[in-house]
Structure formats: C-alpha cells, structure tokens
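Report on one structure; see the data block that follows.
Just so we're on the same page: letters track the sequence lines, and every chain starts at 1.
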Number of protein chains: 2
Amino acid sequence: MPSADRRLHPRRKPRQVRAELTRDRILTAAAHVFAEHGYAAGTTNRIAERARVSIGSLYQYFPNKDAILAELLVRHIDRGTWTQADELDLSPGSLEATARALVRDAIDNHRDDPQLLRIMIEEASFSQEVLDTIERHGEKRVGQVRDLLARHPDVHVRDLDTAAELIVTTVEMNTHMLMAGPRTIPVETFENELVAMVTRYLRGDQ
Amino acid sequence: MPSADRRLHPRRKPRQVRAELTRDRILTAAAHVFAEHGYAAGTTNRIAERARVSIGSLYQYFPNKDAILAELLVRHIDRGTWTQADELDLSPGSLEATARALVRDAIDNHRDDPQLLRIMIEEASFSQEVLDTIERHGEKRVGQVRDLLARHPDVHVRDLDTAAELIVTTVEMNTHMLMAGPRTIPVETFENELVAMVTRYLRGDQ
DNA sequence: CAAAGAGCTGAGCTATTGCTCACAATAGTG
DNA sequence: CACTATTGTGAGCAATAGCTCAGCTCTTTG
C-alpha cells in the first residue's frame, strides 16, 4: 500500500463523453464500496468490479487509490454546503434562529451518505495535499462562524475564536455521532437540544 | 486481512513470569506502533520487531492483529477513569463544578497517549465483541451522567436522556479534537469555555 | 541432572493488494 | 472507408500482509 504518492491528478483527461461517464461510474462505485467495506477493505478491484469497468480503466483516471477518496472528498466539500449562512438574520433576538441554521446545515450535510462521510472523516490516511484541503475547509468554516458571532448583537462570549472552534466541533461531531450510530434519538429532539445548547452558550447570560 | 475472526482470546495463557513479561512487551510495543503508524500500517511484524520478540511469540498470545488492539482498548477502558464522578457536590450552585469535573475527566483521559486513543476511536474496524464492549462502556457513561443530572437540583433540561448523550459526546469529542490536532488553543481556555457551554445548557435559564 | 513442558524463534507459506502493460475495441475525422 | 486518437480490457506482477510450524532454548520439577 503506497502511502506517500503525491500524484493525485488523473493521468488522462477525458475528451469524450464516454470517458466522463466511466469516470463518474468509478466514483459512484467507489463511494458505495468505501461506505460498505471501509477504506482499507474497499479494494480498487472491488470498485472496478462494482463500476463494471476493468481495473485498467480505473487506473487511467486515477493514479492511485488515495486519489479516488481524495476526489470524493473534494467533491463533497465543494458541493455547496454552507450557502445559508450568508443570508442570516442578525437582528437582536434572532440568536436561536442563527444557531438552528448552523445545526440544520450540519444535519443536511450528513444526510446524503453518512457512512461514506464517516469513512472520509475517520478512516482515511490522506496525503498531505488532501489534508491541506480539509484543513483549509475547516479553517474557513471556523472563520465564517467567527465572523457570524462577531456580527451578532446577542453573542456574549469571552473569546470569539475559541467559541467558534468549539461550536463548529460540537455541532459537527454531535451530528456525526447521531447519524452514524443507531438512531436512538429522534432528529427533531436532537436538533432542538443542540440548538438550545449552542444558543445558551453564546448568549452567555450567566 | 481477515476481518471477522471472532477468536480474541490468547491461545496460550502465560504460566511463567517470563511469558507475562513478553506479553506486556508486545502490548507496549503495539501501543507505540499503532500510535505512530496507525492501525493498518502498524503491522504485526513491526510490533514484534519493536517488542524485540519473534513474530511467532506474538501469535502465541494473540490469535490475530485485532485481538491486540482489542486488549489495548479494554485495558484503557478498565483503567480507572471516572472515579471522581461519584464523590461530587450536588448542592445548589455547584453546577459549574460538576461540569468542570466531567470536562477534567475527559481531558485526563486523553493525556496519556492521545495518538493511540485517536487510533482506537477512529481507525479500527473492530469485531463485534469489542464493539459491544465499547458500546456498553459508552452506555454506562451516559447512564452515569444521566443519573448525575437527575440528582442535581440546578439542572433544567427538557429530556434528561438526550441531554446526557449530548453532553458526553460534546465533552468527549471536543477534548478529543483539542488533543489530537495542533494545540492552537490553551488548555485552560478550552476547559473554561467548554465548562461554560455545558453549564449554561444544563442550567437552562432561557 | 535429566526429563518434560513452557516459552521462543524466524524462514517462509498463503492470500491479497495496488497497480502495469500489451493489446482490443470504439469514436472521431478526412 | 481508412487512419488515428481515445478509451477500455484483464491476466498477471511485485510487494506486502497476516500468520504457521518445525524445532530450538529456557524453567521447572522430581
């Protein structure tokens, strides 16, 4: 299992529609296989088999296994989450609504394929390039939340940076746990409590 | 990589001191190797090498690779954490102290070897037997917290069970994130904010 | 001290993986 | 249609993993 292969870009760019289709089939299959078997046990041969594509074709578009997961991850990140946060009500008294927006965003983000996201978050040992992408994305989110908190009149916390980091992790991870495990708590209950937690923390009236 | 081997118990029980020593050496080495290379790349040969023990000896005490991580995990779980929670002050006004105890507990639990714990939490694909152990441990903790909340006069939340689950996950995961990544936030600041969050949530004064 | 069993060794087996490459099939172009 | 570029194939290679086993060394015991 070669771990430090830096080449993540396809060795051949698709020029015909057929090729683009094959690429997509591979990615779709990979998503299913990774979600079902995990990253380590999700072999490239299995992916090719599931995509009804020869193993050779797979390696025409992806230089190695890591690149497949990387592409999957980048696609997931780029696919417009976080669109709601810009158009938020920042007037006094709207803190709970703001918190709810954040929580909803996280929940939506996990709905598509919680298993695959689990793999991507937990199992993968990524190359530095991909790790940087994740890191940047995380910082971006924290930054956005920080700005949001800074603008909102109802927010009273000691340190904005810490608060932002804390909130992002809390919302993300709790949602993650809820969707990953056996659904023992109804989603609405969960959402309400999580929103309550974030709201009360941010409001800060002791 | 056989994944569903149910036999987790050693094939030979140590009867001489020498054997017990070897076993411990293997476990210690495994902890280091897993922490350093991750689970997948932490090969049994590497573990044996680091333990200065032949690969054959390793397989006399552990039927397979999974069993090693399993033992490591069980040991970590069994090693008395959570001792503080029983002797807590439950009088009115002590809510923050209670929350702080929970947070401190989590932080202490991560101090020994955060890397190894990271592996154990994230990377391992465990057998059902080990998963059950983890599950039971998690439920136990949530149960303890639930009882704690039920007893404390200052706690005002809608649903105790959800609150308990939420708190355990939040405290655990935030701590986990803090210790795993590059220490960007000082521990005291983190502790204070996390305590504030939990306290305000539990107090529930809207 | 000698027999017996516990403990230990490591070359190497089996299985599997990520991946290559020589070739075949198909699509685009004059 | 002929020719080229693009796309697709899959047997099989090299590497490496987990793990076995025949036989050695060390402890214990009488």
Side-chain angles (χ1 to χ4, degrees), chain A residues 1-27 29-30 33-34 37-71 123-127, chain B residues 1-27 29-30 33-34 37-70 123-125 127:
Chain A
M1 197 188 308
S3 59
D5 195 347
R6 256 153 251 86
R7 294 168 65 250
L8 285 171
H9 303 295
R11 41 194 60 171
R12 180 180 295 180
K13 241 188 181 172
R15 335 221 140 183
Q16 300 178 10
V17 221
R18 180 167 59 130
E20 201 75 54
L21 233 67
T22 306
R23 235 188 95 91
D24 283 349
R25 282 231 306 286
I26 295 172
L27 280 172
V33 169
F34 284 150
H37 298 88
Y39 184 67
T43 71
T44 47
N45 286 285
R46 239 194 278 261
I47 294 174
E49 191 183 13
R50 165 129 199 177
R52 295 169 167 282
V53 151
S54 85
I55 182 66
S57 290
L58 188 152
Y59 278 96
Q60 279 188 332
Y61 297 105
F62 302 93
N64 53 55
K65 192 181 167 183
D66 278 8
I68 303 179
L69 223 208
E71 170 93 21
E123 268 200 77
S125 71
F126 291 111
S127 63
Chain B
M1 196 189 307
S3 61
D5 195 348
R6 257 154 249 87
R7 294 168 64 250
L8 285 171
H9 302 295
R11 41 194 60 171
R12 179 182 295 180
K13 244 188 181 173
R15 336 221 141 186
Q16 300 178 9
V17 219
R18 179 168 58 132
E20 201 76 54
L21 234 66
T22 306
R23 234 188 97 91
D24 283 348
R25 282 232 305 287
I26 294 172
L27 281 172
V33 170
F34 284 150
H37 299 88
Y39 184 67
T43 72
T44 48
N45 287 285
R46 238 193 278 260
I47 294 173
E49 191 183 13
R50 165 128 201 178
R52 294 169 167 280
V53 151
S54 86
I55 182 65
S57 291
L58 189 152
Y59 278 97
Q60 280 187 330
Y61 298 106
F62 302 95
N64 53 56
K65 193 181 167 183
D66 278 8
I68 303 178
L69 223 209
E123 268 200 77
S125 71
S127 63

If you compare all heavy atoms of B/N64 against all heavy atoms of B/Y59, which two are closest, and at what distance to 0.1 Å?
CA-CE2, 3.9 Å
Kindly point out which of D/dG8, C/dC8, C/dT17 is positioned nearest to the side chain of A/Y61?
D/dG8
Whole angstroms only, please: what is the CG-P distance between A/D24 and D/dT7?
14 Å
Taking only residues two or more places apart in sequence, or in another chain, which ones meet B/N45 in a side chain to side chain contact (heavy atoms under 4.5 Å, CB included)?
B/T43, B/I55
Where each residue is assigned the nucleotide of DNA chain C containing its nearest heavy atom, which of B/R18 and B/N45 is assigned the position nearer the 5′ end?
B/R18
Report yes if a side-chain nitrogen or oxygen of B/Y59 is closer than 4.0 Å to either non-bridging phosphate oxygen (OP1 or OP2) of D/dT20; otherwise report no.
no
Mind checking the CG-CD spacing from A/L58 to A/E49? Nearest 0.5 Å is all I need.
12.5 Å
Between B/G42 and B/I47, what is the shortest heavy-atom contact and its length?
O-CD1, 4.2 Å
In whole Å, I'd like the distance from the CZ atom of A/F62 to the C1' atom of D/dG8.
15 Å
Rounded to the nearest angstrom, tell me the gap between atom CZ in A/R23 and atom C1' in D/dT6.
16 Å
Over how many whole Å does the gap from A/H37 atom NE2 to C/dT17 atom P extend?
10 Å
DNA chain C: A/V17 or A/R46, which has the more 5' nearest nucleotide?
A/R46
Looking only at C/dT17, C/dC8, D/dG8, the nucleotide nearest the A/A19 side chain is D/dG8
Residue B/Q16, side-chain heavy atoms: nucleotide from C/dC19, D/dT20, C/dG7 that is nearest:
C/dG7
Give me, pair by pair, the N or O atoms of the protein and of nucleotides 9-11 of chain D that are less than 3.5 Å apart, along with how far apart they are.
unit_1 : atom_1 : unit_2 : atom_2 : d
D/dT9  : OP2    : A/S54  : N      : 2.9
D/dT9  : OP2    : A/S57  : OG     : 3.4
D/dG10 : N7     : A/S54  : OG     : 3.4
D/dG10 : N7     : A/G56  : N      : 3.4
D/dG10 : O6     : A/G56  : N      : 3.4

Just one of B/Y39, B/Y61, B/F34 clears the side chain to side chain contact (heavy atoms under 4.5 Å, CB included) bar with B/I68, so which one?
B/F34
Is there a donor-acceptor contact under 3.5 Å from the side chain of B/R52 to the main chain of B/R25?
no
For A/R50, give me all partners under salt bridge (charged side-chain N to carboxylate O under 4.0 Å, His left out), at least two apart in sequence or on another chain.
A/E36
Can you check the B/I47 CD1 to D/dC19 P distance for me, whole Å?
11 Å
